[in-house]
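What follows is a set of notes on a single structure, which appears directly below.
Below, chain A is the first sequence line, B the second, and so on; all start at residue 1.
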Amino acid sequence: MSLVSIRDVRKSYGDVEVLKGVSLEVEKGDVVAIIGRSGSGKSTLLRCINGLETYQSGAILADGIEVGGEHANLRELRRHVGMVFQQFNLFPHLTAAENVMLAPTVVNKTPKKEARAIAAEVLAKVGLSEKMDAYPSQLSGGQQQRVAIARSLAMRPKVLLCDEITSALDPELVNEVLRVVEQLAKEGMTLILVTHEMRFARDVGTHLVFMHHGKVHESGAPKAVFAAPQTPELQQFVSGIG
Amino acid sequence: MTYHLEFSALLPYWQDLAWGLWFTVVLTVVSTVAGIAVGTLGASARSFGPPWLSGLVRVYVELIRNTPFIVQLFFIFFGLPALGLKLSETTAAFIAMVVNLGAYSTEIIRAGIDAVPKGHIEAGVSLAMTRLEVLRYIVLRQAFAKIYPALSSQIVIVMLGSAVVSQISAPDLTYAANFIQSRNFRAFEVYFVVALIYLVLSILLRYLLRLIGDRFVRVG
Ligand SMILES: Nc1ncnc2c1ncn2[C@@H]1O[C@H](COP(=O)(O)OP(=O)(O)OP(=O)(O)O)[C@@H](O)[C@H]1O
Ligand SMILES: [Mg+2]
């Protein structure tokens, strides 16, 4: 069974339907890049996967756990589904290490010492071993986002959702974050990323999903899709980006 | 006509002053701790509770913030016995103080909670934390750091405002002053000295609050 299975999901805000029947299967180790115009429903889809948003019909199963429904075990689900945000959302009153340690100690009841070891490990992975005791305000945007990735990794997620995680960064800081994500992909982490970095989507992605008006409009292997987009909408989107 | 200052007229009453001072200090400390606890619960309920609870808290806050403290005190001490609830002066004083600071601190802490970016809450929830854990480890910590100066000022205001409890004969510092001047008729000296004591108390309290803030409240 797929790690994440999205079946004909529909979601409305009031009268406005923003997801109009989205289906998507994500297997272990997949790197799914979601692209599309602003307002096409990319973030909404991602947020439905870890239960930050509810949906009206269809089904999402993540790691075998049904996301929708009254009695969904969202806490269990979120232990296995990590999320990284555009705005980093580091907790400013905690150091980098403390940001990383918080969920393991609070949610998994991991002893402090062990949690600190996990923090050291994941912060090393994102290249920030020397910044363990720095506060977010003392870090650059790129460093903050890498801490945020480490914070998610500390929970040992089976899949990581990334919503435009380089969009709030100065251009010169984008690559240090993308390199970390690429490394994760190489190590076999399952990733679903909304991105505007087309080259990254093509080179690192195993699947490309183009969303348009709340639907998966076109999808396939990134290189093939970029080389020969089938629909006029994607052709226009790709050429518009240049 | 000249008035001869005679501060030594207070000396026989130093014990009354000391007891009054002690009462004021205990009253302030207890109502600060309890009032902030009430405020923390109130603000949390107001921001994250179900609508009925949030509405209830709102009524409480508005009721207290829009009526004079002395009327609240009189209501608790003189009014409640009509409903069969008879309280001692001391108990009534403590309750009135806690209820009062509870309302003001609810409002102050809520402002702090509102200032925490929504994204931080989503980040916490996405890390599999429950709403209560998010509130405790992420939201309130940041909220307190943001509103600590405002809360400190309110605590000092409450300490000074506590003088009002002398009106129901709760034995605080002001009550002691009233008592002494009714005996020795040295109003100027008595109130001058008591004013000085309040002044010193305020300065010490502000200093203490600053120490606590530097030690425990990290803005990041
Ligand atoms: N909380 C909300 N309430 C009402 N409408 C919303 C809400 N969130 C999103 N929408 C609407 O849903 C649609 C899809 O939004 P979404 O954020 O998923 O788009 P997106 O593809 O992520 O866009 P972007 O590239 O700008 O991030 C948009 O039309 C948006 O205005
Ligand atoms: Mg978006």
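- Sorted by first and then second residue, the pairs that involve residues 130-140 of chain A and meet salt bridge (Lys or Arg N to Asp or Glu O under 4.0 Å), not counting sequence neighbours, are Arg116(A)-Asp133(A).
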Please report the C-alpha distance between Arg75(A) and Glu133(B) in whole Å, then the side-chain angles of each, then the deciding distance to 0.1 Å, and finally whether the side-chain contact (heavy atoms from CB on, under 4.5 Å) criterion is met. CA-CA 12 Å; Arg75(A) 185 168 167 92; Glu133(B) 288 164 350; 2.9 Å; yes

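- At most 12 non-hydrogen atoms from other residues, nucleotides or ligands lie less than 6.0 angstrom from CZ of Arg131(B).
- Counting heavy atoms of neighbouring residues, nucleotides and ligands inside a 6.0 Å radius, atom CZ of Phe77(B) exceeds 12 of them.
- For Glu114(A), the salt bridge (Lys or Arg N to Asp or Glu O under 4.0 Å) criterion is met by no residue, not counting sequence neighbours.
- The environment of CZ in Arg136(B) is sparse: at most 12 heavy-atom neighbours from other residues, nucleotides or ligands sit within 6.0 Å.
- With rounding to the nearest 0.5 Å, the separation of CG in Asn89(A) from CD1 in Ile121(B) is 10.0 Å.
- One finds the CD atom of Glu98(A) at 13.0 Å from the OH atom of Tyr137(B) (value rounded to the nearest 0.5 Å).
- Using non-hydrogen atoms only and a strict 4.5 Å limit, no part of residues 52-70 of chain B faces chain A.
- By the neighbour-count criterion of 12 heavy atoms within 6.0 Å, atom CZ of Phe48(B) is densely surrounded, having more than that number from other residues, nucleotides or ligands.
- Looking at Leu90(A), the atoms closer than 4.5 Å to chain B (heavy atoms on both sides) all sit in the backbone: N, CA, C or O.
- When each of Arg78(A), Arg79(A), Arg151(A) is paired with Leu127(B), the side-chain contact (heavy atoms from CB on, under 4.5 Å) condition holds for Arg151(A) and for no other.
- Each of Leu77(A), Asn108(A), Val106(A), Leu161(A) has some count of heavy-atom pairs under 4.5 Å with chain B, and the biggest count is that of Val106(A).
- Atom CD of Gln87(A) is separated from atom NZ of Lys118(B) by 15.0 Å, given to the nearest 0.5 angstrom.
- Heavy atoms closer than 4.5 Å to chain A are found in both the backbone and the side chain of Glu122(B).
- With values rounded to the nearest 0.5 angstrom, His120(B) atom NE2 is found 7.5 Å from Phe91(A) atom CZ.
- Other residues, nucleotides and ligands contribute only 12 or fewer heavy atoms inside 6.0 Å of the CG atom of Leu132(B).
- Listed by chain and residue number, Val98(B) satisfy the side chain to side chain contact (heavy atoms under 4.5 Å, CB included) test with Ala34(B) (two or more places apart in sequence, or in another chain).
- Heavy atoms of other residues, nucleotides or ligands lying less than 6.0 angstrom from OH of Tyr13(A) number more than 12.
- Distance check: Met129(B) CE to Leu102(A) CG gives 4.0 Å after rounding to the nearest 0.5 Å.
- Val81(A) touches chain B through its backbone: at least one of N, CA, C or O sits under 4.5 Å from a heavy atom, while the side chain does not.
- Taking every heavy atom of both residues into account, Asn50(A) and Ser126(B) meet most closely at ND2-OG, 3.2 Å.
- Within 6.0 Å of NZ in Lys113(A) there are 12 or fewer heavy atoms belonging to other residues, nucleotides or ligands.
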